[in-house]
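The structure appears right after this line, and notes come after that.
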Amino acid sequence: MRAPDTESPPEGGGLSMAHVVEVRGLKKHFEAGDVRAVDGVDVATSPGEYLVLLGPSGCGKTTLLRIIAGLEDPTEGEVLIGGNVVNGLPPRARGIAMVFQSYALYPHKSVLDNIDFPLKAAGLDPQERRKKAEWAAKLLGIDQLLHRKPRNLSGGERQRVALARAIVRDPSVFLLDEPLSNLDAKLRTSARDELKQFQERLGTTTIYVTHDQVEAMGLGDRIAVMFQGKVRQLGPPKEVYSDPADTFVATFIGSPPMNLIDRGDHLLGFRPENFLPVDAINGRGGNVLEVDVQVHRIEYLSGDRHVYATVPSLGRDGAHIIARIPPTVDVPVFDDRDQRFAIHERDLRFFDGNTGERVPPRPVRS
């Protein structure tokens, strides 16, 4: 049998046009403990967008995904897919496919039968089912594994089987709930790249849940950062990283996180990689803030130097900061010694001292 075309679905099937997913005023309250899992969320995707819901455990991201899927009913608000309100509709009627963290494969069925299962449940013709299942397997590079059982597959292969089972349903929307969390670090990196390429080939609107900022930054066209049931910021990865809307976003994204210095009525923030020895900053143009730091400790990580220091002149009671010096900067830094560091003023961020929200720039020079 000739292998199905890997660029387009079998004739008569295939993926629906990408749809917009929108939630309006969405809330989900659990009476037990008076938990507000989702607390007034308004988000709309673009057609074919890869939107990532990012946040710590318990922030509401998985509950939001389950409401979109129809696995949970909202307390308030609407869910729209393709412009149609889908509140009250079961998952199958919403045109979505969901891949869970556990993959939920049938251990007694072969790879082919796992992929074929939703088509069989829908009553499709056996020949058409086989054609679509083989097309999906070919697309994901598992066409040589169709007769194996899940126990004989690696974690990455199981993930692909779960994705193949999802795409044969011709969904207009993919919902992915931490599908890489069971993989080891090396496999996660390759699987992340494959997921991105796979979504770009199909052009299907995808909403992806994760607590891993690296996954979010690498996969998302936009990132919705969630905390305590609310979306704290929604935007492209670079914008969310460089221009955080509040101190939660500033410290949740970034490793090391953004430095925050208490200056009374406001907090002064800057990324560790922007705070460098003065000799590495001079000559780059723009207004530069120079300060003396007291270096306490230096860590060598993956070629970078993480410098732990105190900056007495910038905050109250001595501000503790971390500077991240890349291997391209060879200026010497020594433990237990004072040294001059600097930062471009354009890289400084300012936050309200009470609410943590972004505020306009304030004077920083003494």
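Atoms considered below: every heavy atom in the structure, side chains included; atoms not considered: hydrogens, waters and symmetry mates. Position 1 is the first residue of the sequence; numbering continues from there.
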Worked verdict on Lys138 versus Glu134 for salt bridge (Lys or Arg N to Asp or Glu O under 4.0 Å): CA-CA 6 Å; Lys138 183 76 172 179; Glu134 290 181 344; over 6 Å; no
Stepwise, does the side-chain contact (heavy atoms from CB on, under 4.5 Å) test hold for Val79 with Val85? CA-CA 6 Å; Val79 178; Val85 176; over 6 Å; no
Apply side-chain contact (heavy atoms from CB on, under 4.5 Å) to the pair Phe351 and Leu268, showing each step before the final yes or no. CA-CA 7 Å; Phe351 304 89; Leu268 174 66; over 6 Å; no
Working for salt bridge (Lys or Arg N to Asp or Glu O under 4.0 Å), residues Arg297 and Asp336: CA-CA 7 Å; Arg297 183 164 61 91; Asp336 299 321; over 6 Å; no
Set out, in order, the CA-CA distance, both residues' side-chain angles and the distance that settles side-chain contact (heavy atoms from CB on, under 4.5 Å) for Leu26 and Glu76, then state yes or no. CA-CA 6 Å; Leu26 209 63; Glu76 294 181 28; over 6 Å; no
Working note: Glu290 + Arg340, criterion salt bridge (Lys or Arg N to Asp or Glu O under 4.0 Å); need CA distance, chi angles, decisive distance, verdict. CA-CA 7 Å; Glu290 296 186 17; Arg340 194 82 168 164; 3.3 Å; yes
Could you give me the CA-CA distance, side-chain angles and deciding distance for Arg349 and Asp243, then say whether salt bridge (Lys or Arg N to Asp or Glu O under 4.0 Å) is met? CA-CA 8 Å; Arg349 303 293 180 261; Asp243 292 298; 3.1 Å; yes
Using the side-chain contact (heavy atoms from CB on, under 4.5 Å) rule, take Arg271 and Asp347 through it: C-alpha gap first, then chi angles, then the decisive distance, then the call. CA-CA 8 Å; Arg271 292 291 180 190; Asp347 294 323; over 6 Å; no
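For Asp221 (side chain) and Tyr50 (main-chain N/O), a donor-acceptor pair under 3.5 Å exists by modelled atom type. Thr75 places a side-chain N or O within donor-acceptor distance of the main-chain N or O of His29, the cut-off being under 3.5 Å. Distance alone, capped at 3.5 Å, is enough to place a donor-acceptor pair between the Gln199 side chain and the Thr204 backbone. Although no hydrogens or angles enter the test, the distance criterion places no donor-acceptor pair under 3.5 Å between the side chain of Ser46 and the main chain of Glu49. Within the 3.5 Å criterion, the main-chain N or O of Pro107 finds no donor-acceptor partner in the side chain of Lys149. Side chain of Ser110 to backbone of His147: no donor-acceptor contact under 3.5 angstrom is found. Distance alone, capped at 3.5 Å, is enough to place a donor-acceptor pair between the Lys61 side chain and the Gly55 backbone. In this structure a side-chain-to-backbone donor-acceptor pair under 3.5 Å is missing from Arg36 to Gln228. The closest donor-acceptor contact from the side chain of Arg358 to the backbone of Pro244 lies under 3.5 Å. In this structure, Lys132 contributes its side chain and Val168 its backbone to a donor-acceptor pair below 3.5 Å.
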Would you give me the side-chain donor-acceptor pairs under 3.5 Å for residues 91-98, sequence neighbours excluded?
residue	atom	partner	partner atom	Å
Arg94	NE	Leu89	O	2.9
Arg94	NH1	Ile67	O	3.0
Arg94	NH1	Ile68	O	2.9
Arg94	NH2	Val86	O	3.1
Arg94	NH2	Leu89	O	3.1

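Proximity of Leu289 to Leu314: side-chain heavy atoms (C-beta onward) are separated by under 4.5 Å at one or more points. By the 4.5 Å heavy-atom criterion applied to side chains, Thr206 and Leu51 are not counted as neighbours. Between Pro74 and Lys28 there is no side-chain heavy-atom pair separated by less than 4.5 Å.
Contact detail for Leu153 and Glu157: the closest heavy-atom pair is CA-OE1, 3.3 Å. Counting all heavy atoms, side chain and backbone alike, Ile261 lies closest to Ala319 at CG2-CB, 3.5 Å. Taking both residues in full, the closest heavy atoms of Ala280 and Leu276 are given as CB-CB, 4.2 Å, listed atom of the first, atom of the second, then distance. Listed here is the closest heavy atom pair of Ile142 and Val111: CD1-CG1, 4.5 Å. Pro150 approaches Asn114 most closely through the heavy-atom pair CG-ND2, 3.9 Å. Among all heavy-atom pairs drawn from Asp304 and Pro326, the shortest one is OD1-CA, 3.4 Å.
Residue Leu105 is grouped with residue Leu195 when hydrophobic side chains (ILVMFWY) are merged at heavy-atom distances under 4.5 angstrom, including chains of intermediate members. Using a 4.5 Å cut-off between side-chain heavy atoms of Ile, Leu, Val, Met, Phe, Trp and Tyr, with links allowed through other members, Leu176 and Val209 fall into different hydrophobic clusters. Connection of Leu175 to Leu180 is not established within any shared hydrophobic cluster, with ILVMFWY side chains joined at heavy-atom distances below 4.5 Å, either directly or through further cluster members. At a threshold of 4.5 Å between side-chain heavy atoms, the hydrophobic network of Ile, Leu, Val, Met, Phe, Trp and Tyr places Ile81 and Leu64 in one connected group. Ile321 and Val278 fall into different hydrophobic clusters, where Ile, Leu, Val, Met, Phe, Trp and Tyr residues are linked whenever their side-chain heavy atoms come under 4.5 Å apart, directly or through other members.
Around the CG atom of Asn152, the shell of radius 6.0 Å holds more than 12 heavy atoms that belong to other residues, nucleotides or ligands. No more than 12 heavy-atom neighbours from other residues, nucleotides or ligands sit within 6.0 angstrom of NZ on Lys120.
Glu200 is linked by a side chain to side chain contact (heavy atoms under 4.5 Å, CB included) to Lys196, counting only residues two or more places apart in sequence or in another chain. Applying the ring pair (Phe, Tyr, Trp, His ring centres under 6.0 Å) rule to Phe100 yields no partners; only residues at least two apart in sequence or on another chain are considered.
Using a 4.0 Å cut-off between charged side-chain N and carboxylate O, Arg24 and Glu22 make a salt bridge. Under a 4.0 Å N-O distance rule, the pair Arg165/Asp116 does not qualify as a salt bridge.
Checked options Ile281, Asn274, Asn287; the residue passing with His344 is Ile281 (criterion: side-chain contact (heavy atoms from CB on, under 4.5 Å)).
Side chain to side chain, Ser57 and His211 fail the donor-acceptor criterion of an N or O pair below 3.5 Å. Looking at Thr210 and Glu215, their side chains do bring a donor and an acceptor atom within 3.5 Å of each other. Using a 3.5 Å distance cut-off with no hydrogens or angles, the side chains of Tyr241 and Gln213 do not pair a donor with an acceptor. At a cut-off of 3.5 Å, with distance as the only test, no side-chain donor of Arg324 or His306 sits close to an acceptor on the other residue.
Rounded to the nearest 0.5 Å, atoms CZ (Arg232) and CG (Leu54) are 13.0 Å apart. Between His296 atom NE2 and Asp335 atom CG the span is 10.5 Å, to the nearest 0.5 Å. Considering CZ of Arg362 and CG of Leu348, their distance stands at 13.5 Å, rounded to 0.5 Å. Annotation: the span from Asp125 atom CG to Arg130 atom CZ amounts to 13.0 Å, rounded to 0.5 Å. Rounding to the nearest 0.5 Å gives a distance of 10.0 Å between CG of Asp42 and NZ of Lys230. Atom OG1 of Thr63 sits about 12.0 Å away from atom CG of Asp39, to the nearest 0.5 Å.
By the 30° and 60° cut-offs, the orientation of the rings of Tyr106 relative to His108 is perpendicular. Classified by interplanar angle (parallel below 30°, tilted 30° to 60°, perpendicular above 60°), the ring pair Phe227/Phe248 is parallel.
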